[in-house]
Amino acid sequence: MLSGIQHISFCKRQWALIHVEKQWVENVRTIEGQILHEKVDDSEFTEKRKGLIVSRAMPIVSYTLGLYGIADVVEFISTEKGENSTTLAKHKGFWHINLVEYKRGKAKNTDCDKVQLCAQAICLEEMFNVKIETGNLYYGETRHRLEVVFDEELRNQTFELAKLMHYLFKKGITPKAEIQKGCKMCSLVDICMPKMPKSSAEKYFKTAIYGDN
Ligand code: SF4
């Protein structure tokens, strides 16, 4: 799934726990993120105004990345014919594509959100045979749109992470934990690094099997 690229960019082990081992734990951040997306996605929906078509919760796919997912908001803006414009089956003229992905919190000092947006842009480029130069991340806490440029470096990073996802998935590998600052915010911390009791291993297993009695 395309959304996994954000997880693997943050932590390879977190991605594998979710997507290889199918483990998931909610915390305040994950619930807030879900609520924000429910508001945005509001089922598949298209809105049309003069010179603008807004598509919400659009299914997207890239065969070169081998990823599929949902784009929160895809805006089609009426424009002139050119390298960065596309045609649409049911609408006349030429259209420029602008992507907006909604995120809880505020802009991060990592590329996690940017690679996810870039992967979405690559999907749309393949689907509409168009070049997409930029997109936007909208942060719920700061109510701010951050423009992201899909330069060569970000595109290469996105392809490398997609390759890594396929490799780990095929081999069923969960990488070892690498403790980092982000572990404090990770909802999977207790699964990733269960706290061992101070007593003996024998007592731990007895308690796990027979309970406290
Ligand atoms: S606790 Fe840290 S190492 Fe473990 S999955 Fe989360 S971020 Fe990765």
Side-chain angles (χ1 to χ4, degrees), residues 1-34 36-37 41 57-72 74 99 101-105 108-129 132 135 137 148-197 201 204-205 208-209:
M1 281 182 64
L2 188 148
S3 56
I5 204 160
Q6 175 203 12
H7 299 132
I8 203 162
S9 168
F10 174 68
C11 169
K12 294 195 269 298
R13 182 169 170 82
Q14 190 201 61
W15 172 81
L17 288 171
I18 299 168
H19 297 272
V20 178
E21 298 191 14
K22 311 280 181 224
Q23 310 219 46
W24 182 248
V25 179
E26 300 285 10
N27 68 7
V28 175
R29 287 177 188 83
T30 61
I31 304 260
E32 280 176 3
Q34 270 176 37
L36 182 67
H37 277 99
D41 291 350
M58 179 191 270
I60 53 174
V61 63
S62 161
Y63 292 97
T64 52
L65 289 173
L67 299 176
Y68 67 92
I70 299 282
D72 282 343
V74 182
L99 246 176
E101 173 70 13
Y102 285 72
K103 295 284 173 198
R104 61 163 295 285
K108 305 171 183 74
N109 50 9
T110 69
D111 285 340
C112 304
D113 296 340
K114 292 180 187 169
V115 288
Q116 185 185 1
L117 192 72
C118 184
Q120 292 180 351
I122 292 168
C123 290
L124 291 169
E125 286 183 339
E126 280 179 35
M127 290 165 65
F128 291 95
N129 190 25
I132 302 175
L137 291 165
V148 177
V149 178
F150 304 128
D151 58 19
E152 193 132 339
E153 197 185 329
L154 186 60
R155 285 172 187 268
N156 288 342
Q157 200 183 341
T158 306
F159 274 103
E160 287 308 314
L161 287 170
K163 256 202 279 180
L164 181 63
M165 285 159 83
H166 287 292
Y167 172 78
L168 294 174
F169 192 82
K170 269 191 203 129
K171 301 268 178 192
I173 296 171
T174 302
K176 286 187 183 155
E178 285 171 24
I179 298 173
Q180 47 163 311
K181 260 201 207 155
C183 295
K184 276 192 237 144
M185 298 183 298
C186 177
S187 71
L188 298 180
V189 66
D190 291 332
I191 292 175
C192 171
M193 304 180 214
K195 287 190 188 76
M196 294 302 286
Y204 170 76
F205 283 111
I209 296 166

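Note: hydrogens, waters and symmetry copies are ignored here, and every other heavy atom, side chains too, is used.
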Student: Kindly write out the residues that satisfy side-chain hydrogen bond (donor to acceptor under 3.5 Å, both in side chains) with Ser9, not counting sequence neighbours, or none if the list is empty.
Tutor: none
Student: Give a yes or no on this: more than 12 heavy atoms of other residues, nucleotides or ligands lie within 6.0 Å of atom CD of Glu153.
Tutor: no
Student: Working to the nearest 0.5 Å, report the span between CG of Leu17 and NZ of Lys22.
Tutor: 12.0 Å
Student: With a 4.5 Å limit on heavy-atom distance, are the side chains of His7 and His19 in contact?
Tutor: yes
Student: Restricting to non-hydrogen atoms, name the atom on Ile70 and the atom on Gln120 that form the minimum distance, rounded to 0.1 Å.
Tutor: O-NE2, 3.6 Å
Student: Can you find a heavy atom in the side chain of Ile173 that is under 4.5 Å from one in the side chain of Val20?
Tutor: no
Student: What's the spacing between Thr110 OG1 and Lys181 NZ if we round to 0.5 Å?
Tutor: 11.0 Å
Student: Answer whether the closest heavy-atom distance between the side chains of Phe150 and Ile132 falls below 4.5 Å.
Tutor: yes
Student: Let's go through Arg155 and Cys118 carefully: what are the C-alpha distance in whole Å and the side-chain angles of both, what is the deciding distance for side-chain contact (heavy atoms from CB on, under 4.5 Å) to 0.1 Å, and is it a yes or a no?
Tutor: CA-CA 7 Å; Arg155 285 172 187 268; Cys118 184; 3.9 Å; yes
Student: Starting at CD1 of Ile5, measure out to CD1 of Ile122 and round the result to the nearest 0.5 Å.
Tutor: 7.5 Å
Student: Measuring from Glu178:CD to Cys192:SG, what's the distance to the nearest 0.5 Å?
Tutor: 10.5 Å
Student: Side chains of Gln6 and Val115, heavy atoms from C-beta outward: is any pair under 4.5 Å?
Tutor: no
Student: Which residues pass the ring pair (Phe, Tyr, Trp, His ring centres under 6.0 Å) test with Phe128, sequence neighbours left out?
Tutor: Phe76
Student: Quick one: which residue pairs count as a salt bridge (Lys or Arg N to Asp or Glu O under 4.0 Å) with a foot in residues 6-21, not counting sequence neighbours?
Tutor: none
Student: State, yes or no, whether a side-chain contact exists between Leu164 and Leu168 at a heavy-atom distance under 4.5 Å.
Tutor: yes
Student: Compare every heavy atom of Leu67 with every heavy atom of Ala162, then report the nearest pair and how far apart it is.
Tutor: CB-CD1, 4.2 Å
Student: For the atom pair CG (Leu161) and CG (Asn156), what is the distance rounded to the nearest 0.5 Å?
Tutor: 11.0 Å
Student: Verify the neighbour count for atom CD1 of Ile179: are there more than 12 heavy atoms of other residues, nucleotides or ligands below 6.0 Å?
Tutor: no
Student: Go through the structure and list residues passing salt bridge (charged side-chain N to carboxylate O under 4.0 Å, His left out) with Glu160, not counting sequence neighbours.
Tutor: Lys163
Student: Taking all non-hydrogen atoms of both residues into account, name the closest pair between Met193 and Ala177 and its distance.
Tutor: CE-CB, 4.2 Å
Student: In chain order, what residues pass the side-chain hydrogen bond (donor to acceptor under 3.5 Å, both in side chains) check against Gln116, with sequence neighbours excluded?
Tutor: Lys103
Student: Locate the shortest heavy-atom distance separating Trp15 from Gly4; write the atom from each residue and the value.
Tutor: CD1-O, 3.2 Å
Student: Which heavy atom in Leu117 sits nearest to a heavy atom in Gly135, and how many Å separate them?
Tutor: CD2-C, 3.7 Å
Student: Hey, are the side chains of Leu154 and Val149 touching, using non-hydrogen atoms and a 4.5 Å cut-off?
Tutor: no
Student: Can you check whether Asp151 reaches Gln157 side chain to side chain, under 4.5 Å on heavy atoms?
Tutor: no
Student: Report yes if the side chains of Asp113 and Glu101 come closer than 4.5 Å at any heavy-atom pair, otherwise no.
Tutor: no
Student: Quick one: pull up CG in Leu188 and CD1 in Ile18 and give me the separation to the nearest 0.5 Å.
Tutor: 5.0 Å
Student: Sorted by first residue and then second, give each side-chain hydrogen bond (donor to acceptor under 3.5 Å, both in side chains) pair with at least one member in residues 60-70; sequence neighbours left out.
Tutor: Ser62-Thr64, Ser62-Glu126, Thr64-Glu126
Student: Mark yes when over 12 heavy atoms from residues, nucleotides or ligands other than Phe159 sit less than 6.0 Å from its CZ; otherwise mark no.
Tutor: yes
